[in-house]
Amino acid sequence: MQVASPAGEPAGERRRRIGDMVAEAAGADLVVLPELWLSGYFAFDAYAELAEPLHGDTVSAAREWAVRLGCHLHMGSVLERDGQGRLYNTAVLIGPDGEIVHTYRKIHVFGYRSREADLLTPGEQVGTVDTGLGRLGTTTCYDLRFPELYRALIDEGAETIVVCSAWPAARIAHWRLFTSTRAVEEQVVLIACNAVGEQADGVRLAGHSRVVDPWGEVLVEAGEDEGVTFCDIDRSVVAAARAEFPVLADRRLTLEKVN
């Protein structure tokens, strides 16, 4: 699901509207939202005000959406406030029963023309989770530029990797490049959900959410408008690609240094 900028929309009203959009995805096994859709990524002055614990209103609403649709819901990311008052950019995966099955605190917080690195604490843990959709890992936006994170997810058994993002239109070529590259080099299905519209400081986001298979085939790519995009994914493509072209098995991780 591509979601546009909040543009002054009150948090409660925005949750209700996004909940209505999620309902349009009825029948899907997995629904994915973009990065920081409640606040808008570039609303840095509102980060502290809108941050909440993982039992707060936003995650609680998303848990209800997942139950209502009977699906896995990757609710994108939220501004999480922990018990010590630290703020994180945290992605949350919810199961069909409404339980939180996986969380990921964004490791690579962004500093280029952004205040995210000043305001938020970087995450420190990488992990995957077994679901009815296979073993899934998750990353967030800027993480796409760090291949070692994706290789770590493969070492944890990832078959599908979800990326929630607020990627600017100015670097859409990089968006397409990195989403395709990570899918091919890690031999995974990569599901990349990006926000759309103009956010604070006049930054326009790229949209073009996309799903890429292990061979680099783009199974679907959305446009620049808010809305729901569907994609059928054959999970067997990951095992087939890894068996036919076993690049991961050919990795050489320990090489002697030549002085």
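Heavy-atom basis, side chains included; hydrogens, waters and symmetry copies ignored. Please read all numbers here as calculations on a predicted model, not as lab measurements.
- Side-chain N or O atoms of Glu226 include one that pairs as donor or acceptor with a backbone N or O of Ala4 at under 3.5 Å.
- Both Ile154 and Tyr150 are members of a single hydrophobic cluster when ILVMFWY side chains are connected at heavy-atom separations under 4.5 Å.
- Side-chain heavy atoms closer than 4.5 Å link hydrophobic residues (I, L, V, M, F, W, Y) into clusters, and following such links, possibly through other members, connects Val59 to Leu73.
- Ring centers of Tyr142 and Phe146: under 6.0 Å apart, within the cut-off.
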Working for salt bridge (Lys or Arg N to Asp or Glu O under 4.0 Å), residues Arg115 and Asp45: CA-CA 9 Å; Arg115 291 169 55 200; Asp45 290 338; 2.7 Å; yes

Would Val126 and Leu149 count as a side chain to side chain contact (heavy atoms under 4.5 Å, CB included) here? Give the steps. CA-CA 8 Å; Val126 176; Leu149 173 58; 3.4 Å; yes

Intermediate values then yes/no, side-chain hydrogen bond (donor to acceptor under 3.5 Å, both in side chains), Thr58 and Glu52: CA-CA 8 Å; Thr58 304; Glu52 57 188 275; 2.7 Å; yes

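- At most 12 heavy atoms of other shown residues, nucleotides or ligands fall within 6.0 angstrom of atom CD in Gln125.
- For the pair Glu159 (side chain) and Ser236 (backbone), a donor-acceptor distance under 3.5 Å is absent.
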Evaluate Tyr104 against Asp143 for side-chain hydrogen bond (donor to acceptor under 3.5 Å, both in side chains), listing each step before the verdict. CA-CA 12 Å; Tyr104 165 71; Asp143 285 330; 2.7 Å; yes

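- Residues Cys164 and Ser77 meet the side-chain proximity criterion, which asks for heavy atoms closer than 4.5 Å.
- Distance check, rounded to the nearest 0.5 Å: NE2 of His74 to CD1 of Ile94 gives 10.0 Å.
- Looking at every heavy atom in both residues, Val218 comes nearest to Arg210 through CG2-NH2, 3.3 Å.
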Chi angles and distances behind the side chain to side chain contact (heavy atoms under 4.5 Å, CB included) call for Ile100, His55: CA-CA 10 Å; Ile100 297 173; His55 59 264; over 6 Å; no

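- The two atoms that bring Glu224 and Ala206 nearest to each other are CG-O, 3.9 Å, heavy atoms only.
- Of the possible donor and acceptor atoms, none in the side chain of Arg105 sits under 3.5 Å from a partner among the backbone N and O of Thr121.
- Taken from CG in Leu205 to CZ in Phe42, the straight-line distance is 6.0 Å, to the nearest 0.5 Å.
- Rounding to the nearest 0.5 Å gives a distance of 10.5 Å between CG of Leu190 and CG of Leu219.
- Contact annotation: the side chain of Val22 never approaches that of Val228 to less than 4.5 Å [non-hydrogen atoms, C-beta and beyond].
- Using a 4.5 Å cut-off between side-chain heavy atoms of Ile, Leu, Val, Met, Phe, Trp and Tyr, with links allowed through other members, Val237 and Ile191 fall into the same hydrophobic cluster.
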Please step through side-chain hydrogen bond (donor to acceptor under 3.5 Å, both in side chains) for the pair Thr138 and His102, ending with a clear verdict. CA-CA 9 Å; Thr138 186; His102 185 63; over 6 Å; no

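- Between Arg242 and Pro214, the closest side-chain pair of non-hydrogen atoms is not below 4.5 Å.
- Contact between Gly157 and Arg135 at its shortest, heavy atoms only, is O-CB, 3.4 Å.
- Hydrophobic clustering (side-chain heavy atoms under 4.5 Å, transitive across Ile, Leu, Val, Met, Phe, Trp, Tyr) groups Ile161 together with Val189.
- Side-chain atoms of Thr139 and Leu153, non-hydrogen and from C-beta on, do get closer than 4.5 Å to each other.
- Residues Arg176 and Glu221 meet the side-chain proximity criterion, which asks for heavy atoms closer than 4.5 Å.
- When the shell of 6.0 Å around CZ of Phe230 is examined, it contains more than 12 heavy atoms from other residues, nucleotides or ligands.
- Side-chain contact of Tyr47 with Asn89: a donor-acceptor pair under 3.5 Å is absent, judged by distance alone.
- The local environment of CG in Asp232 is sparse, with at most 12 non-hydrogen atoms from other residues, nucleotides or ligands closer than 6.0 Å.
- Note: Arg145 CZ to Arg182 CZ = 9.5 Å, rounded to the nearest 0.5 Å.
- Here Ser39 contributes atom OG and Leu79 contributes atom CG; the two are 4.5 Å apart, rounded to the nearest 0.5 Å.
- Transitive grouping of hydrophobic side chains (ILVMFWY, heavy atoms separated by less than 4.5 Å) keeps Tyr41 and Ile18 in distinct clusters.
- The pair Arg15-Glu64 does not meet the salt-bridge criterion, since no charged nitrogen lies less than 4.0 angstrom from a carboxylate oxygen.
- In this structure, the side chains of Leu93 and Leu136 come closer than 4.5 Å at one or more pairs of heavy atoms.
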For Leu248 and Gln187, what are the C-alpha separation, side-chain angles and deciding distance, and is it a side chain to side chain contact (heavy atoms under 4.5 Å, CB included)? CA-CA 8 Å; Leu248 295 175; Gln187 295 188 307; 3.6 Å; yes

Determine, stepwise, if the pair Thr179 / Leu144 fulfils side chain to side chain contact (heavy atoms under 4.5 Å, CB included). CA-CA 7 Å; Thr179 51; Leu144 274 168; 3.9 Å; yes

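- Aromatic ring pairs are classed by plane angle as parallel below 30°, tilted from 30° to 60° and perpendicular above 60°; the pair Trp65 and Trp37 is tilted.
- Closest heavy-atom contact between Gly40 and Pro6: N-CG, 3.6 Å.
- Looking only at side-chain heavy atoms (C-beta outward), Glu99 and Arg63 come within less than 4.5 Å of each other.
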Please assess Ser5 against Gln199 for the test side-chain hydrogen bond (donor to acceptor under 3.5 Å, both in side chains), listing each intermediate value before the final yes or no. CA-CA 5 Å; Ser5 168; Gln199 296 207 350; 4.9 Å; no

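- Considering Glu35, Glu80, Glu124 as possible partners of Lys106, the one that fulfils the salt bridge (charged side-chain N to carboxylate O under 4.0 Å, His left out) test is Glu35.
- Considering every non-hydrogen atom in both Cys231 and Val220, the closest pair reads CB-CG1, 3.6 Å.
- The local environment of CZ in Arg251 is crowded, with over 12 non-hydrogen atoms from other residues, nucleotides or ligands closer than 6.0 Å.
- The minimum heavy-atom distance between Gly95 and His72, with the atom names listed, is CA-CD2, 3.9 Å.
- Interatomic distance, Trp175 CH2 to Asn194 CG, rounded to the nearest 0.5 Å: 4.5 Å.
- Side-chain contact between Glu244 and Trp215: present, with at least one pair of heavy atoms (C-beta onward) separated by less than 4.5 Å.
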